[in-house]
2 protein chains.
Amino acid sequence: MKVINNTFDTLLEKHRLKKTAPRYRVLEILTTRDVATSQPYLEELLGAEVDRVTLYRILKTFEEKGIIHKIIDVNGTANYAVCHSTCTEKKHHDEHVHFNCTSCNGIYCFNENHIAKIRLPKGFKTSSVSLIITGICAKCSTEAANS
Amino acid sequence: MKVINNTFDTLLEKHRLKKTAPRYRVLEILTTRDVATSQPYLEELLGAEVDRVTLYRILKTFEEKGIIHKIIDVNGTANYAVCHSTCTEKKHHDEHVHFNCTSCNGIYCFNENHIAKIRLPKGFKTSSVSLIITGICAKCSTEAANS
DNA sequence: TTAAGTGCAAAATCTTTGCAAATGT
DNA sequence: ACATTTGCAAAGATTTTGCACTTAA
């Protein structure tokens with residue numbers, strides 16, 4: 001496979017990862033969708049194209065490299081979304097609000113909402129914060145209203 | 001088994017649940033510990049006393065009845081804590097801040113911290129909010145300092 | 001007595017590991 | 001050519017289901 005100078009190539013090169021078909025497919029899906037994608041749904045979309053084990057490994061590598069980040073939803077299922085540019089291998093900047101729609105199961109990343117600082121008891125040290133709102137998204141609300 | 005008029009009996013009776021040894025054991029553990037307890041750790045504590053399948057079923061029933069609530073931690077593991085009195089079968093009032101210590105894996109419920117209202121885009125409807133802070137708890141920080 | 005709850009066995013999933021073959025550089 | 005990455009098979013872990021036995025009410 002040889003695709004010259006597209007975004008995925010740049011991304012993979014930056015992290016010294018080989019440009020393989022399975023990795024392109026995963027990036028394609030994750031960048032196309034505007035919401036985070038659950039691992040089960042990724043499997044479904046990839047079908048026989050990519051082995052399930054390979055998907056596990058790709059997601060793991062991508063997360064370690066800071067290319068994508070993982071959001072565990074209220075059911076304990078892993079969801080993945082591409083990180084914005086400030087993520088590195090050392091630290092993920094995913095401390096924005098996530099919205100988990102219980103109707104379509106989509107996870108929205110609300111980058112504009114920052115999480116208010118929480119005062120903790122003495123001795124507690126924060127390393128990261130995760131805020132997930134569960135509810136019905138705008139798309140599903142209007143669909144329900146028009147039916 | 002016959003224990004008269006203790007807290008557990010009242011609780012189980014209230015929800016029309018039979019008073020069985022396994023249920024007592026689970027309640028005992030969850031009420032004794034001041035942090036939420038992960039399902040794997042519950043299994044460990046119960047050992048051969050309670051079958052693993054029975055534990056699954058007890059936790060499910062208790063959650064449905066509003067006796068305990070489930071907190072999914074950053075690893076996707078289920079943790080359980082007894083609800084405070086305002087929880088019902090219909091609605092869990094667990095919208096306080098949870099703190100997940102990465103050293104001891106304990107989950108603390110900070111009931112005093114309420115979560116600031118988040119402004120969502122038009123059309124998004126909130127049903128519940130979950131805020132989990134990951135870090136090192138006070139106990140583990142001091143232990144680390146003294147070693 | 002009898003409906004609810006438990007324990008065991010077994011199925012169904014989900015996740016990880018090992019290794020040989022394939023592929024990108 | 002060589003280190004990575006993939007796919008398959010198989011092991012391990014987690015979660016669910018079915019059913020006969022037990023127990024609380």
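Each chain gets a letter, A, B and so on, in the order the sequences are listed, and its residues count up from 1. Side chains included, hydrogens not; waters and symmetry mates left out as well; all remaining heavy atoms used.
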Exercise for the section: Remember a base hit wins even if backbone is also touched, and classify B:Glu43 as base, sugar-phosphate or nothing at under 4.0 Å, heavy atoms. Expected result: nothing
Practice task
Would you indicate what A:Glu13 reaches in the nucleic acid, counting non-hydrogen atoms under 4.0 angstrom: base, sugar-phosphate, or nothing?
Solution key: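 No contact at all - A:Glu13 keeps every heavy atom at 4.0 Å or more from the nucleic acid.
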Distance in angstrom units between [X] [atom1] and [N] [atom2], rounded:
X	N	atom1	atom2	value
A:Asp51	D:dT4	CG	P	21 Å
B:Leu59	D:dT14	CG	P	15 Å
B:Arg57	C:dA4	CZ	C1'	11 Å
B:Asn75	C:dT15	CG	P	13 Å
B:Leu17	D:dA25	CG	P	10 Å
A:Arg25	D:dT6	CZ	C1'	16 Å
A:Tyr56	D:dT6	OH	C1'	17 Å
A:Leu55	C:dT16	CG	C1'	14 Å

Handout entry: Intra- and inter-strand pairs of DNA chain D in dot-bracket (Watson-Crick or G-U wobble, both distances under 3.5 Å; | for another strand)
Key = |||||||||||||||||||||||||
Handout entry: Nucleotide of D:dT4, D:dC8, D:dT6 approaching A:Thr54 most closely (side-chain heavy atoms)
Key =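 The answer is D:dT6.
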Handout entry: B:Lys19 side-chain proximity, nearest of D:dA24, C:dG24, D:dC19
Key = D:dA24
Practice task
For residues B:Leu45 and B:Arg25, report the shortest heavy-atom separation together with the two atoms involved.
Solution key: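 For B:Leu45 and B:Arg25, the tightest heavy-atom pair comes out as O-NH2, 4.4 Å.
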Handout entry: Heavy-atom pair of closest approach, residues A:Gly123 and B:Ser141
Key =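 That closest heavy-atom pairing would be O-OG, 2.9 Å.
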Practice task
Return the orientation label for the A:Phe110 and A:Phe99 ring planes: parallel under 30°, perpendicular over 60°, tilted otherwise.
Solution key: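 Tilted, since the angle between the ring planes falls between 30° and 60°.
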Exercise for the section: May I ask you to decide if the ring planes of B:His69 and B:His98 are parallel, tilted or perpendicular, using 30° and 60° as cut-offs? Expected result: tilted
Handout entry: Phosphate OP1/OP2 of D:dT5: any A:Arg23 side-chain N/O under 4.0 Å
Key = yes
Practice task
May I ask you to verify if any side-chain N or O of B:Thr20 is less than 4.0 angstrom from the OP1 or OP2 atom of D:dT23?
Solution key: no
Exercise for the section: Assign each of A:Lys60 and B:Val50 to its nearest nucleotide of DNA chain C by heavy atoms, then name whichever residue's nucleotide is nearer the 5' end. Expected result: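 First, find each residue's nearest nucleotide; the 5'-ward one identifies B:Val50.
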Practice task
Kindly say whether, by distance alone, the side chain of B:Lys18 makes a donor-acceptor pair under 3.5 Å with the base of C:dA3?
Solution key: yes
Handout entry: Any donor-acceptor pair under 3.5 Å from A:Ser130 side chain to B:Ile132 backbone
Key =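 Answer holds: no.
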Problem - Side-chain ion pair, A:Glu63 and A:Lys60, N-O less than 4.0 Å - result: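 Not counted as a salt bridge, because no side-chain N and carboxylate O are separated by less than 4.0 Å.
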